[in-house]
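First up is the structure itself, then whatever we jot down about it.
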Amino acid sequence: MPADGSAAAEIQAKLPGSRVLEAFNTTFAATLVSRQVGGVPTTVLVAGDDAEAKNALIEAITAGGVSALDAGALSRARELEAVGFLQLTLAMAEKIGWNGGFAVIR
């Protein structure tokens, strides 16, 4: 991907009539199952340009017992993808556990 792009943006460009969202890539499976990161509720970050689609996904995530946070426009997907890759890299190197992720304290 270009430095200012993302896989999500590439998909949106190829399917201009679709509603593309970026979510779950910064959330390890273990934190989705436990619904916690360090004793704080797991938070799924959701980015996208379509407010209706984003709200529907956020409602589905929260209905499943996990917190969700609107991370902004689809252009934020580049940061989410980079953070997700960093988390995987650190977990593979055993510098963080596979139960890491984001928790938003409100």
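None of the values given here were measured: they were computed from a predicted structure. Just the heavy atoms: all of them, side chains too, but no hydrogens, waters or symmetry mates, feed the values below.
To the nearest 0.5 Å, atom OG1 of residue Thr62 and atom CG of residue Leu69 are 12.0 Å apart. Put simply, CG on Asp49 and CG on Leu21 are 9.0 Å apart, with the number rounded to the nearest 0.5 Å. Distance check, rounded to the nearest 0.5 Å: CG of Asp50 to CD of Gln12 gives 9.0 Å.
Taking every heavy atom of both residues into account, Ala68 and Ile61 meet most closely at CB-CG2, 3.8 Å. For Gly84 against Thr26, the heavy-atom pair with the smallest separation is N-CG2, 3.9 Å. Counting all heavy atoms, side chain and backbone alike, Ala73 lies closest to Ala47 at O-CB, 3.5 Å.
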Worked verdict on Val66 versus Thr43 for side chain to side chain contact (heavy atoms under 4.5 Å, CB included): CA-CA 6 Å; Val66 177; Thr43 302; over 6 Å; no
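Leu74 is listed as a side-chain neighbour of Val20, based on a closest heavy-atom distance under 4.5 Å. Asp70 is not listed as a side-chain neighbour of Val46, based on a closest heavy-atom distance of 4.5 Å or more.
Only one option out of Leu80, Val44, Leu45 pairs with Asn25 in a side chain to side chain contact (heavy atoms under 4.5 Å, CB included); it is Leu80.
The main-chain N or O of Thr27 is never found under 3.5 Å from a side-chain atom of Thr31 such that the two would form a donor-acceptor pair. Thr42 places a side-chain N or O within 3.5 Å of a backbone atom of Gln36 that can act as its donor or acceptor partner. Side chain of Glu81 to backbone of Ala7: a donor-acceptor contact under 3.5 angstrom is found. Although no hydrogens or angles enter the test, the distance criterion places no donor-acceptor pair under 3.5 Å between the side chain of Lys54 and the main chain of Ala71.
Under 4.0 Å is where a charged nitrogen must lie from a carboxylate oxygen, and between Glu79 and Arg76 at least one such pair does.
Grouping the Ile, Leu, Val, Met, Phe, Trp and Tyr side chains by contacts below 4.5 angstrom, directly or via other members, places Leu86 with Met92. Both Leu90 and Leu88 belong to a single network of hydrophobic side chains, linked directly or stepwise wherever heavy atoms of I, L, V, M, F, W or Y lie under 4.5 Å apart.
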